[in-house]
Amino acid sequence: MLLTIEQVNVYYDNLRALQDVSFVVGKGEIVSLIGANGAGKSTILKTISGILTPRSGKILFAGRNLVGIPQHRIVRMGISLVPEGRGIFANMTVLENLEMGAYTRASRQEVAKSIGKVYTLFPRLQERSSQPAGTLSGGEQQMLAIGRAMVARPDLVLLDEPSMGLSPLLVREIFRLIREINEEGTTILLVEQNAFMALSVAHRAYVLEAGSITLSGNASELRNDSKVRAAYLGDVME
Amino acid sequence: MEYFAQQVINGLQLGFVYALIALGYTMVYGIVRLINFAHGDVFMIGAFIGFYTIERYHLPLALVFLSAVAGCTVLAVLIEQLAYRPLRHAPKIASLITAIGVSLFLEYFTSLRQVFGPNFYSFPRPFPVVIWEVGGILVTNIQAVILVVTVLCLLFLQFIVFRTKMGRGMRAVSYDYVTAGLMGVNVNRVISFTFGLGAALAGVGGVLYGIAYPQVNTFMGFMPGLKAFTAAVLGGIGNIPGAVLGALIMGQSETMVSAYLSSTYRDGIAFVILILVLLWKPTGILGAPRAEKV
C-alpha cells in the first residue's frame, strides 16, 4: 500500500474531529472520501499533509510514518495537497505559481519540463502564463492549483473539493483531467461533497460520518448502495 | 528657491535612512503580521556597532557596515526565535506587547554602564567631510555615501525578493503561509530570514545615521523607529516600494516643517501624517485591500 492510515485520532482543542480512522490507498488508485460538511474529510487531508498533527495513530507513506514530520518535508517525500479554495497566490503570475510548485526541486531544466507538461495538460494556463493568477476564473484557478501540485512530481496527490464553486461543465472537465493524471501514474486521494462525480471517477471510496468511517467499498458498489444513494446521491428513501 | 532645493537635499538624506528602517518594519509585517517595535532598537545597535568599530578598532568603512549588518542580523534572528516564535499561534496582542517589551529591554539593558552606558557619545567621522557646491546648493560627501549605499541596498533587496528562491518563498509566505508550506517552503526559515534581512538594512541605516547625525545614545532608535513605522504605514504596510516612498515623504515633510515652520514641530508632523493616513486611507498609498475570488 502507498498510504496506510491506522487508527488516527485528530482533535481541534478538545473537540474530536477524527475518531479511529483507518483506510488505505494503493499505488495507482483513485480513492475518494465522501461525506457531509463537517464529517472530517478535509481534516484527513490536512493531517496527511502535516498541517494538523494527530493525537494518536499512524500515517504510513511508502512505509514511513509521517506523524511529526514538518509540513514542508512531507512535500519532498512525494505528497502534494491541492487545498480547498485552491490556495492560489493571486499576487503572482500563473508561471510563478507553477514555479512555486517546484519549490522543492533543484534542477531548473527538469522543472521547465514539468511546467511544459502541465501546459499540455492545461493549454489555457499557457495562454495566461504571465497574467496575475488572481485574474483567472474559478475553473482556471482550479486547473492552476492542480497543475502546481503536479509540478512537484508527487506520487500522491490529495485533492480537497476540486469541484467547489464550479459550473457543471467545468466540474466534468476537472474530473476528466483527474482521471488523465491518474492514468499517467499518479495516485489520487480525493475529497468531495459531489459524491456522484467522486464515485464516478474513483476506484474505491470511503464514507465518512461525524469523524468516523462508516462504509467502504468499490466505487461502483457504493454507487448502488441504498444508504449512500439516499444520503449523498439524492435518492428518496423507499 | 535655492533654500528650498537645499531642504529637498536634506530631506532626501533623512528619507533614505528612514527607508532602510521602514523596509524592516514592512517586510516583517508582510510575513508575520507583527509590528516589530524592537526594530528601531536594532537600528540603534547598528549605530553603536558602527560607533565601536570606528572609534576603537578603526576598521575601514566597508567592514564597519559589514559588522553592523552581521551584528544586527544575529540579534534580530535571536529575538525572533526567543521572543516571537513561541507566540506564533498566540493572539496577536501577545506578540505586540512582547515587541514593546523587547524594545524596552534593548534600550535599558544597553544603557547599563557595563554595556554601552547611558550617555550621548559623539560618533566619529570615518572620513573627512567634503562639501561641494552645485548651482548654489551644498551637497556633502556624506549625502553621496548615503545615496549610494541606500540605492545599493535597495537593488540588493530587489534582487533577493524577486530573483532568488528565498525571495519567492518570502512572497509566498507573505501571501498565505499555509499554502506556502504546502509548496515545501520552510516557513520558519523564511520568517527568520526576513527578520535577519530587515535587521541587516537597519544596521546599515544605523551606521549611516551615525555618520550623518553624529551622536549615538541607547534611546536614539525610538524616534527614527516610530517615523520609519509611520513611513511604512503611509506607503502601505507590507508593501516594499511603499515603504521607500513613505520614507521619502516622511523625510521631506520633516525637513520642510523644520525649515518653514519650526523645528519644534518636526516630530509632530510624523504623527499628524500617521493619524491622517489611518483616517483616510488605512491601507496606505500603495497598499490595496486584498480581494479573493471564490
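Naming convention: chains lettered A, B, ... in sequence-line order (proteins, then strands); numbering from 1 in each chain. These numbers were taken from a predicted model, which means no experiment stands behind them.
Looking at A:Arg148, the atoms closer than 4.5 Å to chain B (heavy atoms on both sides) all sit in the side chain, from C-beta outward. Neither the backbone nor the side chain of A:Ser80 comes within contact range of chain B; no heavy atoms are under 4.5 Å apart. Interface remark: A:Ile79 contributes no atoms to any contact with chain B (heavy atom separation under 4.5 Å). Using a 4.5 Å cut-off between heavy atoms, A:Leu81 touches chain B through backbone and side chain atoms alike. Only the side chain of A:Met92 comes within contact range of chain B, with at least one heavy atom under 4.5 Å from a heavy atom of that chain.
By the 30° and 60° cut-offs, the orientation of the rings of B:Tyr25 relative to B:Phe229 is tilted. Using cut-offs of 30° and 60° for the angle between ring planes, the A:Tyr206 and A:Phe23 rings count as tilted.
Heavy-atom pairs under 4.5 Å with chain A peak, among B:Val187, B:Thr179, B:Val178, at B:Thr179. When A:Gly87, A:Gly101, A:Ala102 are compared by the number of non-hydrogen pairs under 4.5 Å with chain B, A:Gly87 comes out ahead.
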Pair B:Tyr175-B:Arg171, side-chain contact (heavy atoms from CB on, under 4.5 Å): steps then yes or no: CA-CA 6 Å; B:Tyr175 191 77; B:Arg171 286 188 292 147; over 6 Å; no
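Heavy-atom neighbours of chain A within the stretch residues 162-170 of chain B, taken at a separation under 4.5 angstrom, comprise B:Lys165, B:Met166, B:Arg168, B:Gly169.
A donor and an acceptor atom, one from each side chain of A:Ser114 and A:Arg105, are located under 3.5 Å apart. Side chains of B:Arg85 and B:Ser192: a donor-acceptor N/O pair is present below 3.5 angstrom, by distance only.
Ring pair A:Phe196/A:Tyr232: centre-to-centre distance not below 6.0 Å.
For the pair B:Ser103 (side chain) and B:Ala99 (backbone), a donor-acceptor distance under 3.5 Å is absent.
B:Ala76 approaches B:Phe195 most closely through the heavy-atom pair CB-O, 3.6 Å. Across every non-hydrogen atom of B:Ser253 and B:Ile273, the tightest pair is OG-CD1, 3.4 Å.
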